[in-house]
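I have placed the structure first, in the form of structure tokens, so that the comments after it can refer back to it.
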Amino acid sequence: MRRSSTFARQVLLVRVGRRDGDLRTTDLTLPEHRYADRQRRRYGLDRLSRPAGVSRAGIEAVMPVSPALPMAHTDEATAGSIPLLPGERTMARRIKFALVNACTLASLMLGMLAIFLAMQGEVRIAALCLIACVIFDGLDGALARRLGVASPFGAQMDSLADMCSFGLAAPVVVYASLAGSVSTAAAAVACALVAACAAIRLARFNVSPKDGRFFCGVPTTMAAAVLAVTVAIGLPVPGFVLVAGVALLAFAMVSSFPYAKLARLVKLPPWLWLAPVLGALVDIRLTFALIVVGYLISGPVLWLRQRRTA
């Protein structure tokens with residue numbers, strides 16, 4: 001410890017002086033003669049010059065720098081850009097990387113198309129475009145893991161595409177579908193909540209540790225899928241109930257309730273999957289509404305169960 005700390009102590013032994021009225025730059029200088037013995041006794045320095053084999057650049061690399069001072073010029077050789085695709089950059093991996101990002105861009109473009117269709121009054125077709133966005137959003141992540149081309153660039157691009165497709169296009173389609181059935185202000189507030197909560201949900205997902213079992217809050221993809229299917233099948237409920245349901249779904253996205261991931265839902269007993277299939281044959285709208293309500297309630301139920309077992 002004593003020998004390894006000698007270099008750091010020498011770096012900190014700097015002073016600024018004046019010579020002939022000019023300001024001398026900060027550098028490694030010998031201390032005043034009257035303090036030389038004291039420094040040797042206190043720090044055990046055998047010599048106050050630069051250690052052998054240590055260059056000036058090495059010393060400047062560990063010297064404390066004030067944030068108010070301009071940064072030193074960075075070596076161009078070490079300031080290269082970060083590659084979008086980490087790892088081996090072969091032609092095959094680049095094609096796979098381009099394919100995965102093409103799925104992400106397809107989801108983005110379909111979201112834009114859904115907005116344009118909603119503006120023209122084609123809300124059912126716009127809702128189908130949103131459902132296609134959900135499919136492509138799940139496809140790009142699965143392909144990235146399958147082909148081994150997952151990257152931080154792809155994760156950020158997927159998040160931005162989700163904000164466009166699920167945070168903006170979905171509220172616009174819902175707003176267009178609610179036109180004429182509820183007040184404009186109520187529909188606007190509910191859809192604006194979806195956009196705001198989607199942005200918060202995506203940002204929180206990017207910086208939070210991942211849990212392989214549960215989502216923290218309803219994911220934006222699932223919320224957009226629920227809204228799109230609701231518009232596509234024309235759920236026969238009063239307008240104010242739809243507005244309340246949209247607002248509830250928005251708050252569920254930013255809640256801290258744990259919601260099971262699809263991988264856990266697939267492992268449910270087969271008879272639980274048979275019930276919604278039979279219900280869809282009888283009344284698909286009622287079955288869909290019951291599934292959505294049941295999934296939203298499962299979050300608080302799991303939360304209470306975890307608190308009791310903790």
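Sequence positions, counted from 1, serve as the residue numbers for this chain.
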Within the 4.5 Å heavy-atom criterion, are Phe288 and Val226 side-chain neighbours or not? yes
Are Phe166 and Val134 close enough that some pair of their side-chain heavy atoms sits under 4.5 Å apart? yes
Assigning hydrophobic clusters by single linkage (Ile, Leu, Val, Met, Phe, Trp, Tyr; side-chain heavy-atom cutoff under 4.5 Å), is Val172 placed with Leu113? no
Centroid-centroid distance, Phe214 to Tyr259, less than 6.0 Å: no
So, the side chain of Tyr295 versus the backbone of Ala260: is there a donor-acceptor pair under 3.5 Å, distance only? yes
Check whether any side-chain heavy atom of Glu122 lies under 4.5 Å from a side-chain heavy atom of Phe116, and answer yes or no. no
Using atom types as modelled and distance alone, determine if a side-chain donor or acceptor of Ser255 lies under 3.5 Å from a backbone N or O of Ala252. yes
Counting only heavy atoms not in Phe215, do more than 12 sit closer than 6.0 Å to its CZ atom? yes
Pair Asp162, Thr220: side-chain N/O donor-acceptor within cut-off below 3.5 Å: no
Quick check against the 3.5 Å criterion: does Arg285 have a side-chain atom that pairs as donor or acceptor with the backbone of Pro236? no
Where do Met253 and Arg204 come nearest, in terms of heavy atoms and distance? O-NH2, 3.3 Å
Please examine the side chains of Asn101 and Asp140, heavy atoms only from C-beta on, and report whether any two atoms are closer than 4.5 Å. no
Do the side chains of Val173 and Leu227 get nearer than 4.5 Å, heavy atoms only? no
Any side-chain heavy atom of Leu249 within less than 4.5 Å of one from Val194? no
Taking a hydrophobic cluster as the set of Ile, Leu, Val, Met, Phe, Trp and Tyr residues connected by side-chain heavy atoms closer than 4.5 Å, whether directly or through intermediates, do Val292 and Leu193 fall within one such cluster? no
Given 3.5 Å as the limit, does a donor-acceptor pair link the side chain of Thr287 with the main chain of Ile284, or not? no
For residues Val182 and Leu242, determine if any side-chain heavy atom of one lies less than 4.5 Å from a side-chain heavy atom of the other. no
What class does the angle between the rings of Phe257 and Trp303 fall in, given that below 30° is parallel, 30 to 60° is tilted and above 60° is perpendicular? perpendicular
Any side-chain heavy atom of Asp137 within less than 4.5 Å of one from Ser165? no
According to a hydrophobic-cluster definition based on side-chain heavy atoms being under 4.5 Å apart (Ile, Leu, Val, Met, Phe, Trp, Tyr only), do Leu147 and Leu105 belong together? yes
